[in-house]
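Everything on this sheet refers to the single structure shown next.
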Amino acid sequence: MMNMQNMMKQAQKLQKQMEQKQGELASQTFTGKSAQDLVVASFTGDKKLISIDFKEAVVDPEDIETLQDMTSQAINDALEQIDAATKKTMGAFAGKLPF
């Protein structure tokens, strides 16, 4: 049976590793795209918006709804990528907890 001091050391080590991985994720760029790449949204791994780019073909004053839909698609695509990467990276720690 593991004593309390060893458990605390292991937990502290895992915490440092998790913080390092979170920092690595935050420094990555995730790019989401709408259909036909007409709208492209880029985020950092900690979900901070970097940019949104629009192709001229989607900018139509008579059809704002399409631009809104494609913007939402691009943003959601990027956020889903971040969530998947976070789950993959941080989920690895779940089985290593000493308690």
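In this text, all values refer to a predicted model and were calculated from it rather than measured experimentally.
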Close side-chain approach of [X] to [Y], heavy-atom, < 4.5 Å:
X: Val39; Y: Asp53; result: no
X: Leu67; Y: Phe54; result: yes
X: Thr29; Y: Phe43; result: no

Working to the nearest 0.5 Å, report the span between [atom1] of [X] and [atom2] of [Y].
X: Gln73; Y: Ser34; atom1: CD; atom2: OG; answer: 5.5 Å
X: Thr86; Y: Phe30; atom1: OG1; atom2: CZ; answer: 6.5 Å
X: Gln17; Y: Lys13; atom1: CD; atom2: NZ; answer: 5.5 Å
X: Asp69; Y: Leu38; atom1: CG; atom2: CG; answer: 12.5 Å
X: Glu80; Y: Ile82; atom1: CD; atom2: CD1; answer: 10.5 Å
X: Gln15; Y: Met8; atom1: CD; atom2: CE; answer: 9.0 Å

Taking every non-hydrogen atom, the tightest pair across [X] and [Y]:
X: Lys33; Y: Asp37; result: CD-OD1, 3.1 Å
X: Ala26; Y: Thr44; result: O-CB, 3.5 Å
X: Ser42; Y: Leu49; result: O-CD1, 3.5 Å

_Please check if the number of heavy atoms outside Glu19 that lie under 6.0 Å from its CD is greater than 12._
yes
*Would you check, one step at a time, whether the test side chain to side chain contact (heavy atoms under 4.5 Å, CB included) holds for Val40 with Ile52?*
CA-CA 6 Å; Val40 177; Ile52 299 179; over 6 Å; no
*Hey, mind stepping through Lys16 and Gln12 against side chain to side chain contact (heavy atoms under 4.5 Å, CB included) and telling me if it holds?*
CA-CA 6 Å; Lys16 287 180 183 179; Gln12 288 172 340; 5.5 Å; no
*Name all residues meeting the side-chain hydrogen bond (donor to acceptor under 3.5 Å, both in side chains) criterion together with Lys21; count only those two or more places apart in sequence or in a different chain, and write none if there are none.*
none
*Would you kindly say whether Asp63 and Thr66 are connected by a side-chain donor-acceptor distance under 3.5 Å?*
yes
*For Lys47, all residues meeting salt bridge (Lys or Arg N to Asp or Glu O under 4.0 Å), sequence neighbours excluded*: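 If we apply the salt bridge (Lys or Arg N to Asp or Glu O under 4.0 Å) test to Lys47, skipping adjacent residues, the hits are Asp83.
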*May I ask you to decide if Ser72's main-chain N or O and Asn76's side chain share a donor-acceptor pair within less than 3.5 Å?*
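Yes, Asn76 side chain to Ser72 backbone: donor-acceptor pair under 3.5 Å.
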*Does Glu24 offer a backbone N or O that forms a donor-acceptor pair with the side chain of Ser27 under 3.5 Å?*
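A pair under 3.5 Å: yes.
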_Run the side chain to side chain contact (heavy atoms under 4.5 Å, CB included) test on Leu25 and Asp46 for me, step by step, so that the C-alpha distance in whole Å, both residues' side-chain angles and the decisive distance to 0.1 Å come before the verdict._
CA-CA 7 Å; Leu25 277 171; Asp46 56 354; over 6 Å; no
